[in-house]
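Input: a single structure, listed below in structure tokens.
Note that the numbering runs from 1 along the sequence shown for the chain.
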Amino acid sequence: MFKTKISKVLGVVLTAAMVLSMFTVATPVAAANQDWSEISLPGSGSTGGYVVSTPGARFDNIGILEWNADKSAVYATAEYDGAAAIFKSTDAGRTWKKLTIPTVTGGIIYDFVASSVNVNELYFTDGRDIFTSKDGGATWNYLSNVFTWATANTWTTPPVSGTNLIVTLDIGYAGANKYVFAGTAVFGSTNNGNGVYMCQETAFGMPWSDLAIDSQRASAWTACSVWDVVVDPTDFATKQGVLAVATNNSGETVITAKYFGNQWNQTALCKDAEVMQDNLTSIATPYHAELWLPADFNSSLTSGKFQAWLALATSASQGDVYLWYGGAEATIDLNVSGLDSETEVYDIDGAGGVGTAQLIIGGYLSTAPTAPTTWYSADGLTFTKTSKAPTGAASTWGLSVATVTVLALPDFATSGKALAGTAGYDCGISYTADFGKTWNQISMMRQAIVSVDNIAGNLFIVTSDYAQQSLWRLTNGVYERVLSTTSITVTDTLDVAVSPAGDAVFVADLGGTSIWRSLDNGQTFAAQVSNISTAGGSIINSWLVSNANTILVGGTNNVYQTSTNGVLWFARACLVGTVTSFAVSTDGSTLVAAGSDSAISKSVDGGITWGTATAATTITSSVPVVTFQNGSNSVVYLTGNGGAAYVYDFAAAAPVWTRIDNTVTGAYAFDSSSYADVDNGVGIFSGIASGGNVLYVLDGSWNNLIRITNAGTNYTAGIIAKPTGATGATKLIGVAAPGANMLYGIFGASLYVYTDKMAVPVTNVQATATTDSVKVTWDALNVDNTGVTVRYFVVVTDATTAYKVAYTVTDDDINQTSTAGITSLTATFKNGVNGFIVSEDTVYQVSVWAVSPVMSFVGTASVSTQPQPLTYHVNLMPTNGASNVPVNPVFAWDSVSTAVSYDLVLSTDPTFTDATKVLATKNLTTNYWAYDGTLSNSASYYWRVRVNTANSTSEWFPAVFTTVKADAAPVEVNNPPDITLEVPQAETPAYIWLIVAVGAVLTIAVIVLIVRTRRVV
């Protein structure tokens, strides 16, 4: 608890940071993709924040929980690895740092207090000495020894038989003066050496004074034991008020006080109030007491706020919570468990004032002394018992009862958040957010994690200790242990499952018969009304949760089914041997059960009836695991301890098992150059893929993951290496998502996650080509991890023959690896380079995969290489650079045998970009064309021509010519109407015949001119 030990008004404002820190523990799931990342489980030791124990260094006896002055840190006492220890937490008890403290005599810390003024000032006692730290626990010093100043005492060995032990401390301030108060007691009795002692720490020599609680009173005590000392929290500086809970030699326990340095039990200031069981019976044997003072406590008898609550634990079933009024002669027994039940209350804390007090208490019922229990009061008068208690047992300090300490968090009044510390077997720090109704363990647990057994949902984890198992819930990066097998009876192995809708969490006793259900996200579990034994079942071999009420359990040649959460169970025949695994189709319409006969059976009515078993797989497996292909209700995958992975399609015309895991993947093809086969399938999962299907199989022999992609009927297997150093692969659980399947793998005592973002095609594949090369571009796959280099495989295939003409994935192809900042990649293939064959005017199919670290699905494109373009060495008319070309020209060029047409452009613009200067644009089926207009004289013109084939288009061939001058003699050229300028291959070039024809015409014209100009003499 946190005593209200404030001697002056501090005005300290607690920021929200402390409350929020409960939810800001670093998220344990790493974000890396395409590689296994370890999920941080609850940690042990200094590097793990002392959340759980290690098998060789266990927690025990969690003791005092105390805030420092501004509530920025919580301190806790405990026994760790067999020795007394003090821990400090700055995240409200989620994780801890172990402080180095002086040697503790007797192994017990009886009290720990923090200064109400100085954030880093601390005190604790081992019953003999008092130690103080002024630096938050980094270093410690002795105070002067109280027994040097008081009567010499005889000591015996604790834990419960010590005489005159210091069992309680408090600190008071009066201006610059600081006072330490100590109370001593003897367990089970009283002694004349006990009392309340005060040390003025700021005085020279730190002298102690005996405040004479036994003698400075009207009727002296001959002996006593003091169980708690509290200074007046509001006006100690002026009234010097000290409150104490003490038992006297008459067997009476009282709350007594002294003010202004006067004697104890003064009627005018505050007389003794006896604490009596049921307000009738004196109490003689306390062993622990805690006073809780409200926030508005006022020690004036007329204030109406001179009030406190006492938590008392005794060895005679007389403990309880008692209400005390200053000046009253007796307290009021609040009977937190009712008149007929006795409650030993070890600790108390709360929030609020006299009229608004909300209290949390910890202790045990006298009828169940080793069971930790808590109660809550919303009004300070009536109490409600917890429905789910913190785990723990009897203290090993020799008390043989459960000691429970409590600490209200800063916003307890509105949030109900508090901590509890327990002792003994399965002890720990527990957390509540519902005013103590239910508790979960969060740190300092005696529990160790030896193995991870299963996970379910998002995210429940079952772990094993050597002696027990635990169920953990991971929420917002914070672990809480929501169930321990110390609280339920499990005969064999605890397992967990979550309903598909997420509205129920179940745990089952694999190897036993019991199942428990939670409808509040694992906070509380209730056992089913009946179990499978009512339907003839003997043990749970496997199970499947269909919804919040429907469960299937695998037996031998039977499936046990309930749709009423165990109110009624039915045996359903399923002849596959011992049923070892279930799977449900994505749409929920179909179930399959796999059994030790290495066969499966199908149900389409929720497991009420099962079809004829399939044939067994080739390699028999005694513990097969099965899954549906994602998105299918007919295709099923199977693996097992006999090895291999198989596919079976119920919808096929003749369904058969087909092995799919032993594909040789090849160095220049996919993601592994060796056999990717399964030797011992311990887990199987079908994920979502874009471009096909993807299957994951965990191999328990090699601890690696076999990843099998499927497009059409083609299955290709690859290997995802195991996590570094991982051994003992046992489970594979998947969460399917488009393009980003998340896989959880259990490897011994470690849990890993793998996010597969490569179950997608390579995108935006494009190809361009010349006459003898193909250039491929594509977008890099985004795996959100700069530490992953993705390597690609590119293949160019002749579209007609399906012949692979070019491929590459070598280390030299640096453009094919995507690293940070590269989003578009290229690969170029040229004829004759590295043996590639790239021919002109040919259609090719281009395919691109990512092949490392794992294979993606293919992205494709189609491209055709260009035909050879026309060149200057062809039968051109006009020739390139020609002059004196007629203003009514004819254009001609070599024909191309594969051409389906030709494109021709005539322009006065040499760049052909200015549309206003284009004189003609033609698509021609002939290899000539006569211009149908008249060009200007002495002008330059530009023309170009290209070839169109069935596959592609060649590059342009450009040429230029200049027309004839205007004063030149006209030359008439008469072209035959049906001239064909088809030039046979390998014969006299066409341009030769054209020159001969033009020469003949010119010769005839010359002769005509000569005849016309001659004169007869």
Side-chain angles (χ1 to χ4, degrees), residues 1 50 53 57-66 75-87 104-112 124-127 156-162 165-168 185-188 225 227-228 285-290 311-320 342-349 361-375 386 389-407 419-430 439 441 443-447 467-468 484 486-487:
M1 61 89 69
Y50 294 99
S53 296
R58 300 282 185 155
F59 278 101
D60 201 353
N61 301 320
I62 311 301
I64 300 134
L65 298 173
E66 179 86 335
Y75 293 88
T77 64
E79 183 180 336
Y80 181 69
D81 197 17
I86 297 176
F87 294 84
V104 172
T105 304
I108 299 174
I109 294 174
Y110 285 95
D111 203 6
F112 178 100
F124 80 89
T125 179
D126 62 356
T156 56
T157 303
V160 295
S161 59
L165 294 171
I166 304 170
V167 297
T168 179
V186 55
F187 288 97
S225 284
W227 304 108
D228 195 22
T285 58
Y287 67 84
H288 193 77
E290 291 287 345
L312 191 68
T314 74
S315 57
S317 298
Q318 294 181 299
D320 216 314
E342 299 300 334
T343 308
E344 300 294 343
V345 182
Y346 193 83
D347 200 9
I348 184 171
D349 200 9
I361 64 172
Y364 59 89
L365 288 168
S366 296
T367 54
T370 62
T373 308
T374 64
W375 291 261
T386 182
T391 60
S395 166
T396 57
W397 285 334
L399 296 173
S400 69
V401 294
T403 57
V404 184
T405 57
V406 291
L407 181 70
L419 302 178
T422 55
Y425 187 77
D426 210 13
C427 68
I429 298 289
S430 297
W439 296 86
Q441 290 68 56
S443 61
M444 282 196 190
M445 283 171 271
R446 187 171 180 82
Q447 167 76 11
Q468 67 189 73
S484 168
T486 59
S487 58

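Taking 4.5 Å as the limit, some side-chain heavy atom of Gln468 sits within range of a side-chain heavy atom of Ser484. Counting only heavy atoms from C-beta outward, the side chains of Glu66 and Phe124 never approach each other to under 4.5 Å. Counting heavy atoms from C-beta outward, Met445 and Ser53 have side chains that stay 4.5 Å or more apart. Looking at Val401 and Tyr287, their side chains come closer than 4.5 Å, going by heavy atoms from C-beta outward. A heavy-atom distance below 4.5 Å is found between the side chains of Thr386 and Thr373. Annotation: side chain of Leu165 is in contact with side chain of Phe187 (closest heavy-atom distance under 4.5 Å).
Across all non-hydrogen atoms, the minimal contact from Tyr364 to Ala402 is CD2-O, 3.0 Å. Minimum interatomic distance between Asp60 and Gly424 (heavy atoms only, all atoms of both residues): OD1-N, 2.9 Å. The minimum heavy-atom distance between Thr422 and Cys427, with the atom names listed, is O-CB, 3.2 Å. Contact between Ala393 and Pro372 at its shortest, heavy atoms only, is N-CG, 4.0 Å.
Judged purely by distance below 3.5 Å, without hydrogens or angles, the side chains of Thr403 and Asn61 never pair a donor atom with an acceptor atom. Looking at Thr125 and Asp111, their side chains never bring a donor and an acceptor atom within 3.5 Å of each other.
Looking at Thr314, its side chain never comes within 3.5 Å of a backbone N or O of Leu312 through a donor-acceptor pair. Not a single donor-acceptor pair under 3.5 Å links the side chain of Thr343 to the backbone N or O of Val345. In terms of modelled atom types and a separation under 3.5 Å, the side chain of Glu79 and the main chain of Phe59 share no donor-acceptor contact. At least one donor-acceptor pair closer than 3.5 Å links the side chain of Asp126 to the backbone N or O of Thr105. When atom types are taken as modelled, the side chain of Arg58 and the backbone of Arg446 share a donor-acceptor pair closer than 3.5 angstrom. Distance alone, capped at 3.5 Å, is enough to place a donor-acceptor pair between the Glu344 side chain and the Ser317 backbone. Thr391 contributes a side-chain N or O that, together with a main-chain N or O of Asp426, makes up a donor-acceptor pair within less than 3.5 Å.
Screening Leu65, Ile361, Thr405, Leu407 for a side chain to side chain contact (heavy atoms under 4.5 Å, CB included) involving Asp349 leaves a single residue, Leu407. With Ile86 as the fixed residue, the side chain to side chain contact (heavy atoms under 4.5 Å, CB included) test singles out one of Val104, Thr77, Ile64: Thr77.
Using the six-membered ring where Trp is involved, Tyr80 and Phe87 have ring planes that are perpendicular, over 60° apart on the 30 and 60° scheme.
Rounding to the nearest 0.5 angstrom, the gap separating the NE2 atom in His288 from the OG atom in Ser315 is 14.0 Å. Ser430 contributes atom OG, which lies 9.5 Å from atom CD1 of Ile62 (distance to the nearest 0.5 angstrom).
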